Participant: 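Mind looking over this structure? Questions follow.
All values derive from a computational prediction rather than experimental measurement. Every number for a ligand or one of its atoms is a count from 1 in the order of the listing.
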Amino acid sequence: MKERIRSYKGAIFDLDGVIVDTAKFHFLAWRELASQLGFVFTEEDNERLKGVSRVRSLEILLEIGGLQLADEEKIELADRKNKNYVEYISSIDESELLPGAKDYLLLLKAKGVSIALGSASKNADLILSKLNIRHMFDAIVDGNKVSKAKPDPEVFLLACAELGLKPDECVVYEDALAGIQAAVAAGMKTVGIGKPSHLPGADIVIAGLHELLL
Ligand code: B16
Ligand code: MG
C-alpha cells in the first residue's frame with residue numbers, strides 16, 4: 001500500500017498539521033485576540049479552527065465568546081490576529097518541520113513525483129520559504145487562489161490542474177476531515193494524517209509522513 005501511495009504521479013499536501021504544526025501559533029494569536037475581547041479561548045476551542053479559513057475561524061471564535069459584531073469590525077479583528085500570527089511565523093525555521101516531512105518530499109522528488117501544496121492558509125508562501133522547502137513544490141495553491149473552502153474540492157482540483165495531471169493520478173495528504181472530504185469529492189486518493197477515528201473516508205490513516213519513509 002505504501003509503495004503504491006508513493007508511486008502516484010502527483011502528491012498534494014495540506015500544510016498545517018501535515019508539513020508543519022502552525023496550529024500552535026494560530027492558537028497563541030487567537031487566544032490573545034480573545035483576551036483583548038474579554039474571554040478565554042482554550043486549546044480545545046482551537047481544535048475547531050484546524051483547516052478552517054481565517055474568516056470562518058473568527059466567526060467560530062466570536063461564537064465561543066458570545067459576541068456579534070459588524071462586518072467592518074470582523075475585518076479589523078481578523079487583520080489584527082493575522083499581524084500577530086505573522087510575527088510568530090516570521091521566526092520559524094526548518095526545525096519546525098514535522099517528522100519525516102522533508103525526507104518524504106525528497107523521496108518523492110527523487111522518484112519524479114510532481115508536488116503541490118493545497119492549503120487554506122493565505123500565509124502558505126511565507127511559511128514554505130521559512131521552512132526552506134518552497135523550491136520543492138511544482139505548484140502552490142493556497143487561500144489566496146481559491147474562493148471555496150474545504151470540503152469543497154476547488155483547492156485540490158486547482159493544484160492537480162496546475163501540475164498538469166488528472167485527479168485519479170493524485171494523492172492528497174490531509175489532517176482535517178473537511179480536507180479528506182474535499183479530496184474524495186475531487187476524486188483523489190487520500191492519506192489521512194492523525195487518528196483513524198477522526199478521519200473516516202481516508203484510504204489510509206497514518207500518524208505522520210515519517211511512516212511513509214519505510
Ligand atoms: P491563514 P491548512 C489552515 O491551514 C489552518 O489549519 C487553519 O487553522 C487556518 O485558519 C487556515 O489555514 C487559514 O490560515 O490565517 O494563515 O490564512 O491546514 O489548510 O494548511
Ligand atoms: Mg491542515
Participant: Pairing donors with acceptors under 3.5 angstrom, does anything connect the side chains of Lys81 and His26?
Facilitator: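 A pair is found: one side chain offers a donor N or O, the other an acceptor, under 3.5 Å apart.
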
Participant: Can you tell me if NZ on Lys9 sees more than 12 non-hydrogen neighbours from other groups inside 6.0 Å?
Facilitator: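 For Lys9, atom NZ is not crowded (no more than 12 foreign heavy atoms under 6.0 Å).
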
Participant: For Lys150 and ligand 1, answer yes if some heavy atom of the residue is under 4.0 Å from a ligand atom, otherwise no.
Facilitator: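 Yes, that is the case, since the closest heavy atom of the residue is under 4.0 Å from the ligand.
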
Participant: Using a cut-off of 6.0 Å, state whether more than 12 heavy atoms not belonging to Lys166 lie near its atom NZ.
Facilitator: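 No, the 6.0 Å shell around NZ holds no more than 12 heavy atoms from other groups.
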
Participant: Under 2.8 Å from the Mg ion (ligand 2), which protein atoms of type N, O or S occur, listed by chain and number?
Facilitator: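 Those protein N, O or S atoms (cut-off: under 2.8 Å from the Mg ion (ligand 2)) are Asp14 OD2, Asp16 O, Asp175 OD1.
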
Participant: Side chain of Lys189, backbone of Val184: donor and acceptor closer than 3.5 Å?
Facilitator: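 No, Lys189 side chain to Val184 backbone: no donor-acceptor pair under 3.5 Å.
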
Participant: Is there a heavy atom of Ala176 sitting under 4.0 angstrom from any atom of ligand 1?
Facilitator: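 Not so, Ala176 does not reach ligand 1.
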
Participant: Is ligand 1 under 4.0 Å from a heavy atom in the side chain of Leu49, in the backbone, in both, or in neither?
Facilitator: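 The answer is the backbone of Leu49.
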
Participant: Using ring centroids (six-membered ring only for Trp), state whether Tyr85 and Phe25 fall under 6.0 Å.
Facilitator: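 No, ring centres 6.0 Å or more apart.
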
Participant: For atom CZ of Arg80, is the number of surrounding heavy atoms from other residues, nucleotides or ligands below 6.0 Å larger than 12?
Facilitator: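 It does: Arg80 CZ has more than 12 such atoms within range.
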
Participant: Which ligand 1 atoms does Ser57 reach within 4.0 Å, using its non-hydrogen atoms?
Facilitator: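 Numbered from 1, ligand 1 contributes 10 (O).
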
Participant: Checking contacts here: is it the side chain or the backbone of Ser121 that comes within 4.0 Å of ligand 1, counting heavy atoms only? Could be both or neither.
Facilitator: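 Under 4.0 Å from ligand 1, Ser121 contributes backbone and side-chain atoms.
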
Participant: Check Ser114 against Leu165 and note the closest heavy-atom contact, atom names and distance.
Facilitator: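 Scanning both residues, the minimum pair turns out to be CB-CD1, 4.4 Å.
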
Participant: Is it true that Ser119 and Asp142 share a donor-acceptor pair across their side chains at a distance under 3.5 Å?
Facilitator: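 Their side chains do not contain a donor-acceptor pair, so the 3.5 Å distance test is not met.
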
Participant: With heavy atoms under 4.0 Å as the rule, classify the contact between Val52 and ligand 1 as side chain, backbone, both or neither.
Facilitator: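 Only the backbone of Val52 comes within reach of ligand 1.
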
Participant: Charged N to carboxylate O below 4.0 Å: is that the case for Lys111 and Glu3?
Facilitator: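 A salt bridge is present here (some side-chain N lies under 4.0 Å from a carboxylate O).
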
